[in-house]
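Take a look at the structure below.
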Amino acid sequence: MKTSILIGTVAAGALAAGLAGAGTLDDVKAKGFVQCGVTTGLAGFAFTDDAGDWHGFDVALCRAVAGAVFGDANAVKFTPTTGKTRFTALASGEIDVLARNTTWTLSRDVDLGFDFLAVNYYDGQGFMVPTSLGVSSAKELDGATVCIQTGTTTELNLADFFRVNGMSYEPLPIETNSEAQQNYLAGACDVYTTDASGLAATKATFENPDDHMVLPEIISKEPLGPLVREGDEKWGDVVKWTYFALLTAEEYGVTAANVDEMIANPPNPDVARMLGVEGNMGEMLGLPADFGAHAIKAGGNYGEIFEAYLTPLGISRGLNKLYTEGGLQYAPPFR
């Protein structure tokens, strides 16, 4: 009986999530803004300034979507979420899209009822330690106390890594990056583990960053990207092709500064279609013809966004270079 009740509850939850997402594009247009779920705060990816305005790599994608839908990059509101609350916020309809350094996995894609749309950052889990700990490899961390965010893929990755290497550890569960940072700097844990990008971003904010090091091991694949509710393909297409517009723009040299010039004189048919000069790409998506142009104007192309928010933290493009430069970032054609 308990099993039947559990199955019924999960099924009801999945149905509710599907219904909540059934008309998101129309709902977004009706309310006049995109509700975007982001992290509670992570340097480079999502953070607020002194005025309380949101900025960052993930925030820029949300603003690009707002630009694509409304022609206004400010037609977006942000909901801070933790590793625990992010999926509930999306499934319940509290947010329209989650853009919060979230790893694409089978269970999240299938069992939780979400659709991952693209990988906007290829990452992997790493470890940060104080240099005073005197270790140079994660394989020297036997018996360490590890700060780890709950509700994330890092928990299982950590357990697997230590088990495979015959080591033990003491987990110190935390919910937000700021909480992890406070505990780590206070010495409550020997090690902080999360995505390597998050470690680099966190380390860059330390008063004495040289007193800490990110160990060389990357122990997992962490393909990060935006997601929407399953069964909401029309809205998902909007977010997905907005992202692809940013990649295509970088590939062909379309920037926030020259986009109007490119509209007047597009360098090739792909750019012409993306910017709404030719074809009916926008109409197919339920958007204005020039949705791509407004997405780019919101904060620049993919490379501009990366350079604005992540490069200053010492984060290199690596796998996130365009495919033309040996990376994995690749947009399907606009045709």
| request: For the pair F78 and W54, name the ring-plane relationship: parallel under 30°, tilted 30 to 60°, perpendicular over 60°. | output: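 F78 and W54: tilted rings.
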| task | Measure the acute angle between the ring planes of F57 and F306, then classify it against the limits of 30° and 60° as parallel, tilted or perpendicular. | result |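 The arrangement is perpendicular - the two ring planes meet at more than 60°.
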Sub-3.5 Å donor-acceptor pair from the side chain of [X] to the main-chain atoms of [Y], do we have one?
X    : Y    : value
T79  : I95  : no
Y243 : A64  : no
D270 : F334 : yes
N165 : F161 : yes
T193 : G126 : yes
D109 : T105 : no
N208 : D210 : no
E230 : D115 : no
Q125 : D195 : no
R86  : G151 : yes

Around atom [atom1] of [X], are there more than 12 heavy atoms of other residues, nucleotides or ligands at under 6.0 Å?
X    : atom1 : answer
Y330 : OH    : no
K29  : NZ    : yes
E140 : CD    : yes
K31  : NZ    : yes
E307 : CD    : no

| request: Report yes if some heavy atom in the side chain of H294 is under 4.5 Å from a heavy atom in the side chain of P288; otherwise report no. | output: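 No, their side chains stay 4.5 Å or more apart.
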| query | Considering only heavy atoms from C-beta outward, does the side chain of P267 approach that of M262 to under 4.5 Å? | reply |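 They are in side-chain contact.
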| said: With side-chain contact (heavy atoms from CB on, under 4.5 Å) as the criterion, how do T103 and L224 come out once you've worked through the C-alpha distance, each side chain's angles and the decisive distance to 0.1 Å? | reply: CA-CA 5 Å; T103 302; L224 311 179; 3.4 Å; yes
| Below 4.0 angstrom, N of the basic side chain to O of the carboxylate: do D237 and K234 qualify? | no
| So does R273 pair up with E283, basic N to acidic O under 4.0 Å? | no
| task | Could you tell me whether Y309 and F45 have their ring centroids closer than 6.0 angstrom? | result |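 Y309 vs F45: aromatic centres not under 6.0 Å.
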| Trace of the side-chain contact (heavy atoms from CB on, under 4.5 Å) decision for F116 with T102 | CA-CA 9 Å; F116 285 80; T102 298; 4.0 Å; yes
Donor on one side chain, acceptor on other, [X] and [Y], under 3.5 Å:
X    : Y    : result
T82  : T85  : yes
N301 : T255 : no
E175 : T150 : no
S168 : D142 : yes
N157 : E222 : yes
Q182 : S178 : no
E251 : T324 : no
Y192 : Q149 : yes
T202 : N177 : yes
D96  : Q35  : no

Do [X] and [Y] sit in the same hydrophobic cluster, where Ile, Leu, Val, Met, Phe, Trp and Tyr count as joined when their side-chain heavy atoms come under 4.5 Å apart?
X    : Y    : result
I174 : Y169 : no
V254 : L322 : yes
F291 : L247 : yes

| message | Please list all pairs meeting salt bridge (charged side-chain N to carboxylate O under 4.0 Å, His left out) that have one or both residues in residues 294-303, counting only residues at least two apart or in different chains. | response | D260-K297
| request: Among residues two or more places apart or on two chains, list those pairs meeting salt bridge (charged side-chain N to carboxylate O under 4.0 Å, His left out) that have a residue in residues 176-194. | output: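 Passing the test, one end in residues 176-194: no pairs.
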| said: List the residues meeting salt bridge (Lys or Arg N to Asp or Glu O under 4.0 Å) with D160, not counting sequence neighbours, and say none if there are none. | reply: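 D160 satisfies salt bridge (Lys or Arg N to Asp or Glu O under 4.0 Å) with R163 once adjacent residues are dropped.
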| said: Evaluate D111 against R108 for salt bridge (Lys or Arg N to Asp or Glu O under 4.0 Å), listing each step before the verdict. | reply: CA-CA 6 Å; D111 190 46; R108 291 172 175 179; over 6 Å; no
| For Y184 against V129, the heavy-atom pair lying closest together |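 Taking every non-hydrogen atom into account, OH-C, 2.8 Å.
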| task | Looking only at non-hydrogen atoms, find the nearest pair between A201 and A43 and report the distance. | result |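 Looks like CB-O, 3.1 Å.
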| field | Option passing side-chain contact (heavy atoms from CB on, under 4.5 Å) with K203 (candidates L313, D211, V214) | value |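 Going through the options one by one, the only one that passes is V214.
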| request: Applying side-chain contact (heavy atoms from CB on, under 4.5 Å), run through T81 and V38 and close with a yes or a no. | output: CA-CA 6 Å; T81 64; V38 293; over 6 Å; no
| task | Given side-chain contact (heavy atoms from CB on, under 4.5 Å), test N268 with Y252 step by step and report yes or no. | result | CA-CA 9 Å; N268 60 52; Y252 293 118; 3.1 Å; yes
| Between D232 and T24, is a side chain to side chain donor-acceptor pair (under 3.5 Å) present by the stated rule, with each step listed? | CA-CA 7 Å; D232 201 5; T24 302; 2.4 Å; yes
